[in-house]
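Residues take their numbers from the sequence shown, with the count starting at 1.
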Amino acid sequence: WIRFSPQTILNIAKLGLSPDDGNIASNYAANTTLIEIGAYVLIGIGAFIFFVGFCGCCGAIKENTCLLYTFTSFIGIILVCEITAMILAIIYKSKVESTIKTSLEKTLQKNYIGIPNDSKDDTISILWDQVMIQFKCCGLNNNATDFNNASRWYKDGRNYSYNNTNYNDSQVQIPAACCQYKSTEFATKMAFKDFQSEIKNPLCPIKRTDWNEKGCYDTIKDTAEHYSNIIIIIIACVILVELLGFIMACCLVSAIKSDY
């Protein structure tokens with residue numbers, strides 16, 4: 001559905017948006033290949049799961065050792081890949097974190113311009129705004145100082161209007177997305193034109209008051225660590241189910257071979 005009729009999905013999403021914000025959503029979807037790539041990935045994963053499940057079910061019902069061997073082979077490969085990935089993630093944790101930080105830092109420096117200056121084509125900038133508003137953070141590592149190297153924001157994004165007064169350049173100290181908001185629902189709906197009605201202190205971008213001082217990387221990392229036990233339990237359950245399926249398939253193959 002996402003691959004062959006993305007406009008239908010978009011039209012449904014736009015039902016809850018104003019015309020202006022609906023246009024932003026349309027351009028957001030039109031100017032990124034992430035949706036299409038995601039659709040292909042989901043199709044590929046679904047097809048693979050169906051094939052492995054088909055081999056397991058038919059192999060068990062028909063007592064076909066060839067299908068069961070195929071099923072156990074794929075499950076075994078998946079288990080090895082999962083365990084290997086976890087071991088590598090632990091060993092190279094600092095390197096992985098460094099690579100992720102560097103990539104995110106480049107997008108911030110190159111693409112971020114910020115609300116209310118985001119145009120309909122600024123997909124990455126809009127994503128940064130959504131992350132900072134919803135996770136209540138600012139920048140990547142060093143909060144406001146990260147934006148000193150954000151070329152687009154530093155050059156064109158430091159524009160802010162309040163109470164019929166325009167502020168620009170050095171008068172604007174932080175992006176509006178770094179400020180604290182009464183509700184972040186407007187960001188979820190991409191209704192960025194409503195940001196000023198939800199901001200706690202309208203002078204926040206100018207005076208740097210009532211803002212989120214913590215960097216987004218540490219904030220998201222802390223959030224993940226907060227739910228780490230749940231994540232570990234889910235991963236353990238998935239691996240356990242796969243392991244049980246592998247063992248039971250092996251036992252079934254052994255039983256079929258002994259009957260013959």
Side-chain angles (χ1 to χ4, degrees), residues 20-21 23-25 27-35 94-162 165-181 184 186-224:
D20 290 340
D21 298 317
N23 290 333
I24 291 177
N27 282 273
Y28 173 83
N31 288 280
T32 182
T33 59
L34 289 176
I35 293 177
S94 58
K95 189 173 182 179
V96 171
E97 288 185 357
S98 177
T99 302
I100 293 172
K101 277 187 177 182
T102 301
S103 300
L104 292 174
E105 193 171 26
K106 286 180 180 178
T107 65
L108 185 69
Q109 293 174 354
K110 182 179 178 181
N111 302 103
Y112 186 74
I113 188 169
I115 54 174
N117 306 292
D118 286 319
S119 72
K120 297 173 182 178
D121 299 329
D122 293 322
T123 303
I124 294 177
S125 184
I126 290 170
L127 282 172
W128 266 109
D129 283 330
Q130 287 181 314
V131 168
M132 288 192 287
I133 292 169
Q134 292 176 3
F135 280 92
K136 300 177 181 178
C137 55
C138 184
L140 181 65
N141 300 306
N142 302 313
N143 50 70
T145 59
D146 287 342
F147 297 98
N148 294 338
N149 298 317
S151 56
R152 292 191 67 202
W153 182 80
Y154 204 78
K155 181 181 178 182
D156 303 316
R158 293 185 298 168
N159 296 298
Y160 183 75
S161 298
Y162 173 67
T165 303
N166 294 323
Y167 302 91
N168 51 61
D169 297 334
S170 60
Q171 293 175 306
V172 181
Q173 297 190 39
I174 57 173
C178 289
C179 298
Q180 296 176 5
Y181 290 87
T184 60
F186 74 94
T188 306
K189 294 182 176 180
M190 296 180 69
F192 291 111
K193 68 181 184 63
D194 298 331
F195 84 95
Q196 212 162 47
S197 63
E198 295 291 344
I199 198 168
K200 281 187 177 181
N201 186 345
L203 295 176
C204 165
I206 306 160
K207 296 184 177 293
R208 200 186 290 191
T209 54
D210 296 313
W211 65 296
N212 302 305
E213 299 184 29
K214 194 170 184 177
C216 288
Y217 187 85
D218 288 336
T219 300
I220 295 173
K221 184 179 177 182
D222 290 345
T223 302

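Side-chain atoms of Gln173 never come within 3.5 Å of backbone atoms of Lys207 as a donor-acceptor pair (strictly under, hydrogens ignored). Checking side-chain atoms of Asp210 against main-chain N and O of Gln180 turns up no donor-acceptor pair under 3.5 Å. Formation of a donor-acceptor pair under 3.5 Å by the Asn149 side chain with backbone atoms of Gln109 is not found in this model. Ser98 places no side-chain N or O within 3.5 Å of a backbone atom of Ser94 that could act as its donor or acceptor partner. Between the side chain of Asn201 and the backbone N or O of Leu203 there is at least one donor-acceptor pair closer than 3.5 Å. Without hydrogens or angle criteria, Arg152 side chain to Ile113 main chain gives no donor-acceptor distance under 3.5 Å.
Here Gln134 contributes atom CD and Lys136 contributes atom NZ; the two are 10.5 Å apart, rounded to the nearest 0.5 Å. From Asp218, atom CG reaches atom OG1 of Thr223 across 10.5 Å, with rounding to the nearest 0.5 Å. To the nearest 0.5 angstrom, Ile206 atom CD1 is 10.0 Å from Ile174 atom CD1. One distance of note links CG of Leu127 with OG1 of Thr123; it measures 7.0 Å at 0.5 Å rounding. Going from atom CG of Leu140 over to atom CG of Leu104 covers 5.5 Å, rounded to the nearest 0.5 Å.
When every heavy atom of Leu108 is checked against every heavy atom of Phe147, the shortest pair comes out as CD1-CE2, 3.8 Å. In this structure, Ile199 and Pro205 approach most closely via the heavy-atom pair CD1-CD, 4.4 Å. Nearest heavy-atom pair, Pro202 versus Tyr162, reported as atom, atom and distance to 0.1 Å: CB-CE1, 3.2 Å. Among all heavy-atom pairs drawn from Asp146 and Asn141, the shortest one is OD2-N, 2.7 Å.
Applying the salt bridge (Lys or Arg N to Asp or Glu O under 4.0 Å) criterion to Asp156, with sequence neighbours excluded, gives no partner residue. A search for ring-ring contact (aromatic ring centres under 6.0 Å, His included) contacts involving Tyr217 returns nothing, not counting sequence neighbours. Partners of Lys101 according to the salt bridge (Lys or Arg N to Asp or Glu O under 4.0 Å) rule, which considers only residues two or more places apart in sequence or in another chain, do not exist here.
Taking the six-membered ring where the residue is Trp, Tyr181 and Phe195 present perpendicular rings, their angle passing 60° and hence far from 30°.
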(Q) Would Asn166 and Ser161 count as a side-chain hydrogen bond (donor to acceptor under 3.5 Å, both in side chains) here? Give the steps. (A) CA-CA 4 Å; Asn166 294 323; Ser161 298; 2.5 Å; yes
(Q) Apply side chain to side chain contact (heavy atoms under 4.5 Å, CB included) to residues Lys110 and Ile124 and explain how you reach the verdict. (A) CA-CA 10 Å; Lys110 182 179 178 181; Ile124 294 177; over 6 Å; no
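Here the side chains of Trp153 and Val172 are in contact, with some heavy-atom distance below 4.5 Å. For the pair Cys216/Met132, a side-chain contact is recorded, criterion being any heavy-atom separation below 4.5 Å from C-beta on. Side-chain contact check for Phe186 versus Ile133: some heavy-atom pair is nearer than 4.5 Å. Residues Ile220 and Val131 have side chains in contact (heavy-atom distance under 4.5 Å, counting atoms from C-beta outward). For the pair Trp211/Pro175, no side-chain contact is recorded, criterion being any heavy-atom separation below 4.5 Å from C-beta on.
Cysteines Cys178 and Cys204 keep their SG atoms at least 2.5 Å away from one another.
Environment of OH in Tyr167: crowded, with over 12 heavy atoms of neighbouring residues, nucleotides or ligands closer than 6.0 Å.
Taking the six-membered ring where the residue is Trp, the centroids of Tyr112 and Trp128 are separated by 6.0 Å or more.
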